[in-house]
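Everything below concerns the one structure shown next.
Naming convention: chains lettered A, B, ... in sequence-line order (proteins, then strands); numbering from 1 in each chain.
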Amino acid sequence: MSPRRPRPRLLALAPVLALVLPLAGCGGSGDSGDGTGGRQITVLAAASLTGTFTDLAHRFEREHPGVQVKLAFDSSATLAQQAVGGAPADVLATADTTTMDSAKAALAAAPQDFATNTMVMVAPASNPAGLTGFEDIENPQVTYVACVPTAPCGKVAQALLQDNHVTTKPASLEVDVKSVLAKVTSDEADAGFVYRTDAVAARDRVVSFAVPHAQDEVTTYPIAPLTQSEDADLANAFVDLVLSDTGQQVLHDAGFAKP
Amino acid sequence: MPASPSPETTRPDRGGGATGQLGRPPLVLVVPAALAAALLVVPLVTLVLATPWGSFVAQLGTRAVRDALRLTVLASLTTVVACLLLGTPLAWLLARVDFPGRSVLRAAVAVPLVLPPVVAGVALTTALGRSGVLGSLLRAATGVTIPYTTTAVVIAHTFVSMPFYVLAVEGALRASGERYDVVAATLGADRWTTFRRVTLPLALPGVLAGAVLAWARSLGEFGATITFAGNFPGTTQTMPSLIYQELQADPEVAKTLSMILLVVSLGVLAALRNRWLTAP
C-alpha cells in the first residue's frame with residue numbers, strides 16, 4: 001500500500017479546531033474584560049436613557065482616562081432579567097422601581113432614585129391625523145401605539161388610558177419606548193405614548209401633547225451597582241456621577257425631573 | 001447523467017461493501033458529530049425539564065395564548081398556501097425559462113434567507129408601510145393600510161418563508177430534468193398542460209419539502225412580524241411575539257409558551273415523519 005497521505009486528515013481537523021478554539025477563547029475572556037489592560041465597566045440602562053447615559057459615559061471616560069464604558073440599552077424588564085441571570089455588567093439603571101426590585105438578587109447596594117419622567121402623547125411632525133389634543137385618540141380613525149404592559153412605559157400608558165377612560169385600543173403594543181417613537185417618527189402611527197424625554201430627544205420630528213393625569217403616573221428611575229461587577233470602585237463612581245450635579249444637569253437638559 | 005462518484009473508490013476492498021469492513025468511525029468525525037448533536041438536543045431537553053408542567057394546561061386555556069396560537073397556526077398555513085400559489089410558478093420560471101437577468105433574480109430571491117428578520121421588517125415597512133412607497137399609494141387610493149393587520153403578519157411571514165420554498169422547489173425541478181417536459185411537448189402538450197401533468201407531479205417531493213420548510217420558518221417568525229405588523233393580541237400577536245413579551249414579565253410563563261410551540265411543531269413533524277424524518 002502507498003503510505004497514507006496526512007493532508008486530508010489535517011484538513012478534516014480544521015473545522016473541529018475552528019469550532020473548539022473560539023469556545024476555549026470564550027471561557028477565558030469572560031472574567032477579565034477584553035484583556036488589554038484597560039479597565040472597563042458595562043452599564044445596563046433603560047431604553048429611555050439612551051441619550052443621557054451615552055453623554056454621561058463620555059464624560060466618565062474623560063474623567064477616568066483608560067476606562068471604557070460599555071452601554072447596553074434595552075427594555076428595563078429585559079435588563080433586570082439579564083442582571084439576575086449573571087450578565088457581565090457593573091451597573092443597572094431601570095425606568096421604574098418595580099423592575100429594579102425584580103433584580104434585587106443582583107444588586108450590590110440599595111438602588112438610588114436619580115430621575116423621574118412623565119408620559120406625553122406624540123404625533124409625527126406632519127401630524128397626518130390632524131390631532132389637536134389628547135382627546136383625539138378617541139377617534140377610531142386615529143392609529144396609535146404604546147408599549148407592552150410588561151414594560152414600564154406600557155404600564156404607565158395603560159394606567160393613563162384607564163385614568164382617562166379611553167375606549168379605543170392601540171394598534172400595536174411595542175416592546176420598548178424606542179420602538180413606539182420609531183413608529184411615530186416614521187409616520188407608521190398617528191400617535192404614540194412616549195416619555196417626555198423621548199419627545200425632547202426627537203426634537204422637531206414630533207409634536208407633543210400633554211396627557212391629562214400624567215402627573216399621577218410619574219416613573220422613577222433607580223440606579224444600583226451589581227454584585228457581579230469586577231470593578232466595584234468604577235461601578236460606584238459611575239453611580240456617583242449620575243447622582244452628581246453634573247449628572248443631574250445632563251438629565252435635566254434632556255427633560256428628566258429630579259426625584 | 002454522470003456515474004455517481006463514490007468516496008470509497010480508492011478502497012481496494014470495496015467489493016465487500018459491508019460497513020463493518022470500513023473500520024471504526026474515526027474520532028475526528030465522531031467527536032464533532034457528538035458536539036453538533038449535543039448542541040441541538042441539550043437545550044431542548046433542558047427546556048422540557050425547566051417547563052413548569054403544573055401550569056401547562058392552565059396556560060393553554062388563557063385568552064392570550066389561545067389567540068396567539070390561533071393566529072400562529074392561521075398565519076403559517078396561509079403562508080404555505082401563498083408560497084404554493086406564488087412560489088411554485090416562480091420556481092418553475094427560474095428552473096425552466098431562460099430569460100435575461102435570471103441569475104440576478106435567483107440571487108435576489110435568496111437574499112431574505114440571510115437578511116436579519118428585523119431588517120426584513122424595516123424593508124417591508126419602506127414598501128408597504130403606511131408611508132411606504134406602495135403603502136402610501138394604496139392608502140391614498142383606497143384608504144386601506146396594511147400594518148397592524150393579520151394580512152401584514154402573513155405578508156411578513158411569506159416574505160421570509162418564500163425563499164426556502166422557492167429554492168427547494170427549483171432544486172426539485174432541476175433534479176427531475178427537462179427531458180419529460182420535452183417528451184410531453186413532442187406528444188402535443190402545451191406548456192401549461194406539461195406543467196400541470198408532468199413537471200409538477202415529478203417535483204412533488206420538493207414541493208412538499210419546501211412547504212414544510214416554509215411552514216417551519218413561518219411558525220417561528222418574530223423579527224419581521226413585530227417590526228412590520230406590530231404586536232397586538234388577537235390581530236398581530238403570534239406565539240413568538242407573546243413569548244418575547246412574557247419573557248419580560250414572567251419567564252416561567254414564557255417557558256410554558258415555548259413548550260406549547262415546541263409541542264405543536266413536533267406534532268406536525270410527527271404527522272409528516274414518513275416523508276421528512278426518515279432518511280431517503
Side-chain angles (χ1 to χ4, degrees), chain A residues 1-2 4-5 8-20 23 74-82 84-85 98-99 102 124 126 128-129 141 143-155 169-176 179-180 182-190 192, chain B residues 7 10-13 26-36 39 64 118 121-122 124-126 128-132 135-136 139-140 143 145-149 152-153 222-223 225-237 240-251 253-254:
Chain A
M1 289 269 326
S2 60
R4 282 169 189 270
R5 287 169 300 164
R9 296 197 147 221
L10 282 178
L11 278 180
L13 243 153
V16 186
L17 291 176
L19 189 76
V20 172
L23 288 180
D74 209 323
S75 152
S76 297
T78 305
L79 294 174
Q81 252 174 47
Q82 289 175 353
V84 174
T98 317
T99 42
S102 73
S126 58
Q141 299 297 319
T143 302
Y144 74 95
V145 292
C147 288
V148 273
T150 48
C153 52
K155 216 173 289 171
K169 295 259 180 291
S172 178
L173 300 171
E174 299 295 314
V175 289
D176 62 26
S179 317
V180 173
K183 281 271 191 289
V184 173
T185 53
S186 64
D187 266 4
E188 289 300 317
D190 298 321
Chain B
T10 50
R11 301 254 169 194
D13 57 351
L27 274 184
V28 75
L29 292 179
V30 170
V31 171
L35 271 177
L39 177 65
V118 176
V122 173
L124 282 168
T125 304
T126 59
L128 299 169
R130 283 164 29 118
S131 52
S136 57
R139 194 180 179 200
T145 56
I146 298 173
Y148 315 122
T149 60
V153 177
F222 168 67
T225 313
I226 208 159
T227 312
F228 173 58
N231 172 44
F232 197 80
T235 51
T236 53
Q237 187 175 68
S241 304
L242 180 64
I243 290 170
Y244 184 76
Q245 180 183 323
E246 285 304 329
L247 209 48
Q248 296 189 325
D250 186 348
V253 174

If you round to the nearest 0.5 Å, how far is OG1 of T78(A) from OH of Y244(B)? 4.5 Å
Closest non-hydrogen atom pair between [X] and [Y], with its separation:
X       : Y       : answer
A189(A) : Y148(B) : CB-OH, 3.8 Å
P251(B) : Q81(A)  : CG-NE2, 3.6 Å
E188(A) : G132(B) : OE2-N, 4.2 Å

Choice from S179(A), P149(A), S172(A) maximising heavy atom contacts with chain B below 4.5 Å: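 Looking at each option in turn, the highest pair count goes to S172(A).
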Please determine, among A77(A), P170(A), P128(A), S102(A), the option with the most heavy-atom pairs under 4.5 Å with chain B.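 Looking at each option in turn, the highest pair count goes to P170(A).
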Taking side chain as everything from C-beta outward and backbone as N, CA, C, O, which of these in [X] sits under 4.5 Å from a heavy atom of chain B? Side chain, backbone, both or neither.
X       : result
A80(A)  : neither
P124(A) : neither
D190(A) : both
V148(A) : side chain

Heavy-atom check, side chain of T145(B) versus side chain of T143(A), under 4.5 Å: no
Using the side-chain hydrogen bond (donor to acceptor under 3.5 Å, both in side chains) criterion, which residues pair with T99(A)? Sequence neighbours excluded.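 Residues passing side-chain hydrogen bond (donor to acceptor under 3.5 Å, both in side chains) with T99(A): D96(A).
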Between S131(B) and S186(A) (side chain of the first, backbone of the second, donor and acceptor by atom type, cut-off under 3.5 Å), is there such a pair?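 Pair found, side chain donor or acceptor close to backbone of S186(A).
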Show me the pairs that pass side chain to side chain donor-acceptor pair (under 3.5 Å) and involve residues 226-236 of chain B, at least two apart or across chains. N231(B)-Q237(B), N231(B)-Q245(B)
